[in-house]
Amino acid sequence: MPRIYLTTPIYYVNDVPHVGHAYTTLNADAVARWHRLLGDDVYFLTGTDEHGLKIQRSAEENGLSPIEQADRTSVRFRETWELLDISNDDFIRTTEHRHHVAVQELLTRAYDNGYIEKNVYEGAYCVSCEAYYTDDELVEGNCPIHKRPVEQMSEDNYFFRLSAFADRLEAWLTDTPDAITPDGYRNEALGLIRQGLDDVSISRTSITWGVPVPWDEGHVFYVWYDALINYATAVGFGADPERFETWWPATHHVLGKDILRFHCVYWPAMLLAAGIEPLPRFHVHGFLLVGGEKMSKTGINKIAPAELVADFGVDGFRYALLRDNSFGPDSEFSYEALLGRYNSDLANNYGNLVQRVCTVVVKQCGGVGPPPRPDSPLAVVATAAYRETAEAWDRFQPAVALDATWRLIRETNEFLARNEPWKMEPGPEVDAIMGDALEALRIVCILASPAVPTASATAWARIGMDGAVGEQRLPEAAEWGQYPGGSAIGAGDPLFPRLKA
RNA sequence: GGCGACGUAGCUCAGUUGGUGAGAGCGCUCGACUCAUAAUCGAGAGGUCGGGAGUUCAAAUCUCCCCGUCGCUACCA
């Protein structure tokens, strides 16, 4: 059975969930749901990143222990993903015991292989960045990112010999065209590697809130190097070799372009240093922009996903975010765009189609859904829609996939307008038309379900289908002609009530 | 400064290896219809594909230069 291990980044608990986090997670969730429809063995992971000085200090300021501080925010992420119908199989926290075990195992292997060595580091350190800066990187003596004073620090550090992997990383990206998608980001990673890689500091003695370095008391691993390893932890690295071997070759990481360097350069090098192959595949998306600015730098990130869910519903929010922002480039995000997309695609097209089909069946077919015709003109449309939808999901392009699925909806509306079954006398001709429309809807429900799972389940039941839409198996379930006919169909509330501006 | 990306209809964006007269959705205008959530269907207006030059029988698509936006990176005599 095909297998896929999907991950989102683990989110740092210094920040509460916002639309940017939701965008990343939704893309991964929709892809995971698509693969479940295909019958693939899926493991979908998300979680929270909880170590580091920033958390330690926030805890002190709030009069809490670090773990209490982490608990507070971690649960917010968990609640948000429940609200958004995220179908993750696991939620990892870097403060869990299983993770400490895996981190120590992986980095000990790298150490034993000679890729980690001790050295002294001193320089200007920004607590917010958790990074050192050279003097000329500072802006008027302040951190160039946070514009806040830096601290002079000096400590014994363990360094990861990143420079030793430049050639192997370059070869990997050159030889593996689909290692990083979309393609532009593979070029960026190659560019980073070709510009030269410096060894990097991966431990700290100045803090205690982290995973201890097992071979040297007093050191903890720098938060980034502990965090990346979560992906290995969750599938049993260091604890269950058989399980790890099962999932690791199927690893796909979903991430935003801001963390491309850590994921697509440092992480593969760490894996190679520990003797772990094959390397994962990476799917990188751009930023959501508000008036051209990165989401996290503007006030909009104060908008919690819950607020948008309150207005558009879970499925409305999911659909609009996935459909309107193609995976890869930066894209504009606005409330107005969400509203427009909701009304046109969900209320006017999908929801309204369900509504009118059910009504006509009630009025013209005695409330019993007729079977479709094998040679319906919609059959070829449905076949094409499936093919294009499947291909787009396979390429990690939810917006393209949904566009392809929605073409079947539009064509079905067109088909009804062309045939005008509401003008006919009840009989075989009306039955044939409505059977075709119901069959098209059956297929739409399945293909749309990764983006709008709840509404698709409702529509599935509304048209008289048994079982769960999410348990259908593609590609067989998308083949034309399977609507059984004979089911009772009634009226119901609109799936997506039209919203006023 | 170097590396890289982007700049296509009012808006958001598609446009594989260059090739039927440049596309979609939304918005807009007009018309049709009335089963449906003032939804739907049809028709239409609207673009010198950032600017210029070049290669080619043929370029939005390749090459060079310029302008603009952005990211990464290195830094000034």
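Chain letters run A, B, ... following the sequence lines, proteins first and then strands; every chain starts at 1. Side chains included, hydrogens not; waters and symmetry mates left out as well; all remaining heavy atoms used.
Comparing the P positions of B/C6 and B/A22 gives an interatomic distance of 23 Å, to the nearest angstrom. For the P atoms, the distance from B/C72 to B/G54 is 37 Å, rounded to whole Å. B/U69 sits 23 Å from B/U63 when the C1' atoms are compared, rounded to a whole Å. Across B/U40 and B/A53, the matching P atoms stand 45 Å from one another, rounded to whole Å. Rounded to a whole angstrom, the distance from the P atom of B/A59 to that of B/G19 is 11 Å. Nucleotides B/U17 and B/C62 have their P atoms positioned 8 Å apart, rounded to a whole Å. One C1' atom belongs to B/G51, the other to B/U12, and the distance between them is 24 Å to the nearest Å. B/A74 and B/G4: their C1' atoms are spaced 15 Å apart (whole Å).
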Taking only nitrogen or oxygen atoms into account, show me every contact under 3.5 Å that the protein makes with nucleotides 25-27 of chain B, one pair per line with its distance.
none

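No side-chain heavy atom of A/D29 sits under 4.5 Å from any side-chain heavy atom of A/L6.
Comparing A/L192 and A/E411 by the nucleotide of RNA chain B whose heavy atom lies nearest to each, the residue mapping closer to the 5' end is A/E411. Annotation: of the two residues near RNA chain B, A/R261 and A/E414, the 5′-most nearest-nucleotide partner is A/E414.
Counting only Watson-Crick or G-U wobble pairs whose defining distances are both under 3.5 Å, the stems of 3 or more consecutive pairs in RNA chain B are B:1-7 with B:67-73, B:10-13 with B:23-26, B:28-32 with B:40-44, B:50-54 with B:62-66.
Note on ring orientation: taking the six-membered ring where Trp is involved, the planes of A/Y335 and A/F312 are tilted (angle from 30° to 60°). A/W172 and A/F282 have perpendicular rings, their planes meeting at more than 60° on a 0 to 90° scale where under 30° would count as parallel. Between A/H285 and A/F327, the ring-plane angle classifies as perpendicular under the 30° and 60° cut-offs.
A/L408 places its CG atom 16 Å from the P atom of B/U40, with the value rounded to the nearest Å. Distance CD (A/Q397) to P (B/A24): 20 Å, rounded to an integer number of Å. Computed from coordinates, the A/F327 CZ to B/U12 P distance equals 22 Å when rounded to whole Å. Put simply, CD on A/E420 is 13 Å from P on B/G42, counting in whole angstrom units. As rounded to whole Å, 10 Å separates atom P of B/G4 from atom CZ of A/R194. Whole-Å rounding puts the A/Y319 OH to B/U12 P distance at 18 Å. Rounded to whole angstrom, the span from the CG atom of A/D258 across to the P atom of B/A5 amounts to 20 Å. Residue A/H285 contributes atom NE2, which lies 15 Å from atom P of B/C13 at whole-angstrom precision.
Remark: A/H35 pairs with no residue by the ring pair (Phe, Tyr, Trp, His ring centres under 6.0 Å) rule, at least two apart or across chains. In terms of the ring pair (Phe, Tyr, Trp, His ring centres under 6.0 Å) criterion, residue partners of A/F262 (sequence neighbours excluded) are, by chain and number, A/W224, A/Y266. Residues that satisfy the ring pair (Phe, Tyr, Trp, His ring centres under 6.0 Å) test with A/Y225, not counting sequence neighbours, are A/Y222.
Taking 4.0 angstrom as the limit, A/K363 places a side-chain polar atom (N or O) nearer than this to OP1 or OP2 of B/A36. Between B/A14 and A/S326, a contact under 4.0 Å exists linking OP1 or OP2 to a side-chain N or O. OP1 or OP2 of B/U34 sits under 4.0 Å from a side-chain N or O of A/K423.
For A/N413, the listed nucleotide lying nearest its side chain is B/C41; candidates were B/C41, B/A36, B/U73. Taking the side chain of A/T359 as heavy atoms from C-beta on, and the options B/C33, B/U37, B/A36, the nearest nucleotide is B/A36.
When only modelled atom types and interatomic distance are considered, A/Y342 and A/D311 share no side-chain donor-acceptor pair under 3.5 Å. A donor-acceptor pair shorter than 3.5 Å cannot be found between the side chains of A/N352 and A/R498.
In this structure, A/K257 forms a cation-pi arrangement with A/F287, its terminal cationic atom sitting closer than 6.0 Å to the ring centre and no more than 45° off the ring axis.
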Which atom pairs, donor and acceptor, lie under 3.5 Å between side-chain atoms of residues 433-443 of chain A and protein residues at least two apart or in another chain?
unit_1, atom_1, unit_2, atom_2, d
A/D436, OD1, A/R373, N, 2.8
A/D436, OD2, A/R373, NE, 2.8
A/D436, OD2, A/R373, NH2, 2.5
A/D436, OD2, A/S376, OG, 2.9
A/E439, OE1, A/R442, NE, 2.7
A/E439, OE1, A/Y483, N, 2.9
A/E439, OE2, A/R442, NH2, 2.9
A/E439, OE2, A/G481, N, 2.6
A/E439, OE2, A/Q482, N, 3.0
A/R442, NH1, A/A477, O, 2.9
A/R442, NH2, A/A477, O, 3.1
A/R442, NH2, A/E479, O, 3.2

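Among the heavy atoms of the strands, none lies under 4.0 Å from A/A337.
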